[in-house]
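Computed from a prediction, not measured in an experiment: that's the story for all the values here. Numbered from 1 within each chain, the chains take letters A, B, ... in sequence-line order. Values below: all heavy atoms of this structure, side chains included; hydrogens, waters and symmetry mates excluded.
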There are 2 protein chains.
Amino acid sequence: MANMSGLGIEDAGPQLGRNLTYGMLDAIGRAIVVGDYDGATFPTEAELAKQHGVSRSVTREAVKMLTAKGLLSARPRQGTTVQPTTSWNLFDTDVLRWLLERQFSIDLLRQFNELRVAIEPEAAALAARVATADDIERVNAGLKRMERAERGEDDTLESDIAFHIAVLRASRNPFYAQFRDVVSTALRTSIRFTNRVKGRTANVADHAAVRDAIAGGNPDKARKAMRSLISDVLDLIDTAKPDGAAG
Amino acid sequence: MANMSGLGIEDAGPQLGRNLTYGMLDAIGRAIVVGDYDGATFPTEAELAKQHGVSRSVTREAVKMLTAKGLLSARPRQGTTVQPTTSWNLFDTDVLRWLLERQFSIDLLRQFNELRVAIEPEAAALAARVATADDIERVNAGLKRMERAERGEDDTLESDIAFHIAVLRASRNPFYAQFRDVVSTALRTSIRFTNRVKGRTANVADHAAVRDAIAGGNPDKARKAMRSLISDVLDLIDTAKPDGAAG
DNA sequence: AAATCACATTTATCTGATTTAAATTGCTTG
DNA sequence: CAAGCAATTTAAATCAGATAAATGTGATTT
């Protein structure tokens, strides 16, 4: 049962291993996404249970959850098989987390931000049309946190995330709000990267432009302001690694 | 258990009820999304099993899958509870299907297309930059099917869907490709609606403009062409029911 | 060569007991 | 009376072992 796959980070986190089933979900999910089963045949239900030292019930429930997330598929006689990545649910929080646990990939970072450049400007435009006073207040609160962070009184990253999520919510479209996790994940990764490339501080003024456009009810301005924010990051990424250059 | 919510389409489809667990997943999932449990307390594991005439194992596995999709949450002593819609995974194929099974809502239709107007134009722009010959061939194939459909030799809806999905794929970004289901679902619903409002046939020429821009490597043109396609649908929806009009 | 049948393998399902987590209740104590 | 603490209780979590159903493989028959 050699479970010592590298660093000493055993305790998966807050409420992930809160019971055997979720612990197993996390372990197998990570293993699949990281690629441990590439080329190899996936163990049978009985083997999995033995390997992880749990009962078959626990195993089956973990496998069923991974099936629900699109990572596995099970059929009698054929066995349980890892599904191609095209059928993984990439917007699932767990899947996103596991994706980030494999080696840092600038490709993934770019794909994240290519998605953001579609979603967030449009969310901002929508917000400029339909946001309620409460919505705008949340956007404002995010911006204020960023200003405080600039003075070292708050966390730069977390306040940035709060701002972007507030805008998503202000679009009043549940599909946009759903990008909560993608955006915060992308931001966490992006900022680490952009900080490495050049010591860029989060541009509070540019964010304020987005807020102003939303509060002022100007969709086009909001779209453009948000787009420029994200385009900056994309440009930075393309600078580090232009178009189709191989890894 | 009055399940007679309209038309006589009882058999859920191809491989949904392929076994007890999936049948139960579908039944409970639909019930939750349709709102059968709003306000009511969710049954315990034992009650659920009895109600559906299956064992607790089957029940537990179905509940675990619904948990993985964000619809349920289970804790000892507290019981199993329906989660707020904000934590549902709206990009899950099953959840999308269940969403459409509740009464037709023009709000949902608008939200779908508000998402499309963000995703698809950007996917087209991306495709114009990075699509391979194969990708373009698939887009072309979709367009040709639409032309044949115009002459009554193919299905209008299915060829339209094929075109849009080919563009998503051509973006070479797995996150965009993931919108496969959302887009086809949205199209199926949109087209039924637009046909009802006015006898509009799918505008093959406008679609050809998208293809040309992608094949010609012109991102801005591709973005604009695709955007105008979807904006047309959005305008139609807003005409039927302007901005924030109630119910 | 095609159709059929028997078999082996793996998931699917059931049953019933045991364990663990966490609200609630009620008792004790300051 | 309020605060803290322990017993109770409820529901999920886990285990064990058996049986059923599905399905690919290969032998057998036609």
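Side-chain N/O atoms of A:T80 include none lying less than 4.0 angstrom from OP1 or OP2 on C:dT10.
Applying the salt bridge (Lys or Arg N to Asp or Glu O under 4.0 Å) test between A:E45 and each of A:R60, A:K50, A:K64 identifies A:R60 as the sole match.
The side chain of B:N19 approaches C:dA12 more closely than any other nucleotide in the set D:dT14, C:dA12, D:dA12. Comparing D:dC15, D:dT14, C:dT13 by their closest approach to the side chain of A:S57 singles out D:dC15.
For A:R145, the CZ atom counts as densely surrounded, since its 6.0 Å shell holds more than 12 non-hydrogen atoms of other residues, nucleotides or ligands. Shown here is B:R138, whose CZ atom has more than 12 heavy atoms of other residues, nucleotides or ligands within 6.0 Å.
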One pair to check against side chain to side chain contact (heavy atoms under 4.5 Å, CB included): B:R97 and B:V33. What are the steps and the verdict?
CA-CA 10 Å; B:R97 179 164 40 78; B:V33 173; over 6 Å; no

For side chain to side chain contact (heavy atoms under 4.5 Å, CB included), just list the numbers for A:I214 and A:D135, CA-CA rounded to whole Å, side-chain angles, deciding distance to a tenth of an Å, and then say yes or no.
CA-CA 10 Å; A:I214 292 176; A:D135 292 328; over 6 Å; no

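One atom, OH of B:Y22, and another, P of C:dT13, lie 10 Å apart when rounded to the nearest Å. Taking atom NZ of A:K50 as the reference point, atom P of D:dA16 lies 13 Å away to the nearest angstrom. B:L20 places its CG atom 8 Å from the C1' atom of C:dA12, with the value rounded to the nearest Å.
Of the residues in residues 35-48 of chain B, none lies under 4.0 Å from DNA chain C by heavy-atom distance. Contacts between residues 62-69 of chain B and DNA chain D, counted as heavy-atom distances below 4.0 Å, involve B:K64.
A 4.5 Å side-chain heavy-atom check between A:I32 and A:W98 finds every atom pair outside the cut-off.
Between the side chain of B:T189 and the main chain of B:T185, a donor-acceptor pair closer than 3.5 Å is present. Judged by distance alone, with hydrogens and angles left aside, the side-chain atoms of B:Q178 form a donor-acceptor pair with the main-chain N or O of A:L90 at under 3.5 Å.
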Could you write out each protein N or O paired with an N or O of nucleotides 18-22 of chain D at a distance under 3.5 Å?
unit_1: D:dA18; atom_1: N6; unit_2: A:R56; atom_2: NH1; d: 3.4

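Residues A:R75 and B:R60 both approach DNA chain D. Their nearest nucleotides, taken by heavy-atom distance, put B:R60 toward the 5′ side.
A salt bridge links B:D26 to B:R30: at least one charged side-chain nitrogen sits closer than 4.0 Å to a carboxylate oxygen. Note on A:E147 versus A:R151: no salt bridge recorded, every NZ/NE/NH1/NH2 to OD/OE distance being 4.0 Å or above.
Taken to the nearest 0.5 Å, the CG atom of A:L143 stands 13.0 Å off from the CD1 atom of A:I136.
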